[in-house]
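Reckoned from all heavy atoms, side chains included, excluding hydrogens, waters and symmetry mates. For clarity, every value in this text was computed on a predicted model and none was experimentally measured.
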Amino acid sequence: MALNKLSPASFNRKIEIGTTKTVQNPVNGTSKQTFVVTASLWCAPYTRSIASSYQLTAEQLDEVVVVIRHNGAVKQGVKCQYQSNLYSVVNDSVDDSNNYLAYDYLTLKLITKGG
């Protein structure tokens with residue numbers, strides 16, 4: 001049974017790829033990290049099976065897996081914003097095949113929750 005069969009309609013969520021930049025507040029001089037978008041992509045949420053959910057460790061509970069069309073700019077360590085939360089790409093399972101449609105599975109680790 002194919003749990004995660006991908007169709008064009010599956011790619012219905014936006015993920016923003018970018019970097020964090022330190023910006024100084026002009027009013028009081030404090031600085032804070034802000035997210036700067038460099039690319040915006042459509043992605044499909046990946047649903048874990050029940051068996052793989054049982055095997056998760058406590059550190060992996062904050063991790064999310066999404067599927068994107070193959071993109072060479074998205075690599076491990078890149079920051080991204082997904083569903084108003086800031087994540088870091090901890091694993092990029094790249095599809096190295098020569099297929100017309102190649103997909104990358106990104107494992108995202110939560111950095112900060114959005115509002």
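Checked against side-chain hydrogen bond (donor to acceptor under 3.5 Å, both in side chains), Arg69 has no partners two or more places apart in sequence or in another chain. Legend: residues meeting side-chain hydrogen bond (donor to acceptor under 3.5 Å, both in side chains) with Ser88, ordered by chain and number and at least two apart, are absent. Applying the side-chain hydrogen bond (donor to acceptor under 3.5 Å, both in side chains) criterion to Asn28, with sequence neighbours excluded, gives Asn25, Thr30. Every residue meeting the side-chain contact (heavy atoms from CB on, under 4.5 Å) condition with Thr19, not counting sequence neighbours, appears here in chain and number order: Val36. Listed by chain and residue number, His70, Asp92, Asp96, Asp104 satisfy the side-chain contact (heavy atoms from CB on, under 4.5 Å) test with Val94 (two or more places apart in sequence, or in another chain).
Inter-residue side-chain proximity for Arg13 and Tyr82 is flagged as met; some heavy-atom pair is nearer than 4.5 Å. When side chains are defined from C-beta on, Val65 does not count as touching Leu106, because their heavy atoms never get closer than 4.5 Å.
For Glu16 and Ser40, the side-chain atoms include no donor-acceptor pair closer than 3.5 Å.
One finds the CG atom of Leu41 at 5.0 Å from the CD1 atom of Ile17 (value rounded to the nearest 0.5 Å). In this structure, the separation between CD1 on Ile111 and NZ on Lys79 is 4.5 Å, given to the nearest 0.5 Å. One distance of note links CD of Glu63 with CG of Leu110; it measures 10.0 Å at 0.5 Å rounding. From Thr107, atom OG1 reaches atom OH of Tyr46 across 9.5 Å, with rounding to the nearest 0.5 Å.
Transitive grouping of hydrophobic side chains (ILVMFWY, heavy atoms separated by less than 4.5 Å) keeps Val90 and Val67 in distinct clusters.
Listed here is the closest heavy atom pair of Cys80 and Val89: SG-CG2, 4.2 Å. Nearest heavy atoms, Ser10 versus Pro45: O-CD, 4.1 Å. Here the shortest heavy-atom pairing between Val78 and Gly18 reads CG1-O, 4.0 Å.
Side-chain atoms of Thr34 come within 3.5 Å of backbone atoms of Lys21 as a donor-acceptor pair (strictly under, hydrogens ignored). The backbone N or O of Thr22 sits nowhere less than 3.5 Å from a side-chain atom of Ser31 that would complete a donor-acceptor pair.
In this structure, Lys14 places its NZ atom where more than 12 heavy-atom neighbours from other residues, nucleotides or ligands lie under 6.0 Å away.
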Next on the checklist: Working note: Tyr87 + Gln81, criterion side chain to side chain contact (heavy atoms under 4.5 Å, CB included); need CA distance, chi angles, decisive distance, verdict.
Outcome noted: CA-CA 6 Å; Tyr87 291 92; Gln81 194 163 9; over 6 Å; no
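Sorted by first then second residue, the ring-ring contact (aromatic ring centres under 6.0 Å, His included) pairs that include residues 9-39, not counting sequence neighbours, are Phe11-Tyr103.
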